[in-house]
2 protein chains.
Amino acid sequence: MTSLSIGQLAEQAGVAIDTVRYYERNDLLTPAGRLASGYRRYGTTELKRLRFIRRAKALGFSLDDIRALLALSDERDVAEVKRAAQRKLADIELRIAELERIRGGLHTLIAACPGHGRAEACPILNALTQEESA
Amino acid sequence: MTSLSIGQLAEQAGVAIDTVRYYERNDLLTPAGRLASGYRRYGTTELKRLRFIRRAKALGFSLDDIRALLALSDERDVAEVKRAAQRKLADIELRIAELERIRGGLHTLIAACPGHGRAEACPILNALTQEESA
DNA sequence: CTGCACCCTGGATCCAGGTCCAGAGTCAAG
DNA sequence: CTTGACTCTGGACCTGGATCCAGGGTGCAG
């Protein structure tokens with residue numbers, strides 16, 4: 001039989017036990033049942049669900065996002081799932097653009113800095129000290 | 001005379017008053033002096049320093065990083081400032097690469113999803129439900 | 001001198017996503 | 001039966017970077 005303890009579930013999904021209980025508190029994952037002792041029991045459904053959560057997190061979804069995704073996948077609403085993925089993609093692209101802006105700024109400063117000599121000649125310090133230019 | 005209250009300083013640097021006091025508690029910015037009443041007073045040195053902090057933050061430096069940068073710029077250690085900027089650049093590039101990896105994954109899934117029909121045909125749900133491949 | 005905007009302190013709260021703990025109960029191998 | 005590994009609960013704590021609050025004091029224009 002494929003009944004798992006919380007420790008086995010956690011190990012097979014690659015998360016910490018405390019994380020499983022945390023997800024339960026936050027309505028992301030409910031045990032299939034409990035033993036008379038109160039011990040949680042999980043089946044393959046829960047294992048898949050937990051792995052889904054882990055992968056979605058790796059794709060940059062927040063737990064709120066994931067709760068919504070899980071509800072949608074329960075409803076099998078493919079169109080809405082696709083739209084959610086598109087929104088997340090747009091969000092990721094914004095974050096990339098912002099980091100690229102920062103990278104450009106740093107790159108320029110580093111390239112222009114001789115790396116020795118007077119502080120006044122260091123464009124990094126100057127850039128950080130300079131007045132606004134819009 | 002160029003003596004500023006905390007409110008004037010905050011406004012001219014574009015941060016909140018609470019943020020100025022927060023920076024003080026965290027050893028980033030000390031008032032030039034105090035009135036008999038205890039009111040903080042700031043000069044142009046502090047205004048420049050606060051603007052430095054704001055810009056460095058916009059470049060992705062943490063407050064810990066910034067504390068170190070400020071110490072270095074006080075010591076006028078240009079070589080070390082350059083190295084710190086290079087480390088931060090490497091860090092930003094790592095973050096960009098990670099986001100690009102995520103973007104690639106999402107992009108592939110979205111492109112392959114018809115956006116309608118059976119849940120089984122949705123590669124987004126499938127990808128999140130699939131077993132590991134690596 | 002009144003009124004209102006401003007400032008003071010210390011501490012609480014927030015966000016996300018967990019992590020850790022104490023004290024008690026349970027399961028299973030030997 | 002013993003022992004050690006596992007699990008239970010509820011709640012405290014963590015990071016980073018603020019933000020907000022209560023209850024009081026101050027500065028200054030009219």
Using a 4.5 Å cut-off on heavy atoms from C-beta on, say whether the side chain of [Y] contacts that of [X].
X      : Y       : value
N26(B) : L63(B)  : no
L70(A) : R67(A)  : no
D65(B) : S62(B)  : yes
L59(B) : L109(A) : yes

* Asked: Under 3.5 Å, is there a donor-acceptor pair between the side chain of R49(A) and the main chain of L28(A)?
  -> yes
* Asked: Does R51(A) reach the main-chain N or O of Q12(A) with its side chain, forming a donor-acceptor pair under 3.5 Å?
  -> yes
Charged N-O contact under 4.0 Å between [X] and [Y]:
X       : Y       : answer
R103(A) : E100(A) : yes
R101(A) : E98(A)  : yes
E80(B)  : R87(B)  : yes

With 3.5 Å as the limit, what N/O pairs link the protein to nucleotides 6-9 of chain C?
from   : atom 1 : to     : atom 2 : distance (Å)
dC6(C) : O2     : Y39(B) : OH     : 3.3
dC7(C) : OP1    : S5(B)  : OG     : 2.8
dC7(C) : OP1    : G7(B)  : N      : 2.9
dC8(C) : OP1    : R40(B) : N      : 2.7
dC8(C) : OP1    : R40(B) : NH1    : 2.9
dC8(C) : OP2    : R21(B) : NH1    : 2.5
dC8(C) : OP2    : R40(B) : NH1    : 3.2
dC8(C) : O5'    : R40(B) : NH1    : 3.4
dT9(C) : OP1    : R34(B) : NH1    : 3.0
dT9(C) : OP1    : R34(B) : NH2    : 3.4
dT9(C) : OP2    : R40(B) : NH1    : 2.9
dT9(C) : OP2    : R40(B) : NH2    : 2.6

Just the atom pairs and distances: protein N or O near nucleotides 2-4 of chain C's N or O, under 3.5 Å.
none

* To do: Report, as yes or no, whether the 6.0 Å neighbourhood of atom CD on Q8(A) holds more than 12 heavy atoms from other residues, nucleotides or ligands.
  => yes
* Which heavy atom of E46(B) sits nearest a heavy atom of L29(B), and at what distance? -> O-CD1, 3.7 Å
* Asked: Below 4.0 angstrom from OP1 or OP2 of dG18(C), is there any side-chain N or O of K57(A)?
  -> yes
* Angle between terminal axes - the helix from dC1(C)-dG30(D) to dG30(C)-dC1(D), 5 pairs each end, rounded to 10° -> 10°
* First and last nucleotide of DNA chain D, 5' to 3', lying under 4.0 Å from heavy atoms of chain B -> dG17(D) to dG27(D)
* Tell me, please, which residues at least two apart from R40(B) pass side chain to side chain contact (heavy atoms under 4.5 Å, CB included). => I6(B), R21(B), E24(B), P31(B), R34(B), Y42(B)
* Given a cutoff of under 4.5 Å between side-chain heavy atoms of I, L, V, M, F, W and Y, with clusters grown through shared members, what are the other residues clustered with L35(B)? -> Y39(B)
* Structure fact -> Closest to the 5' end of DNA chain C, once Y23(A) and L35(A) are matched to their nearest nucleotides, is Y23(A)
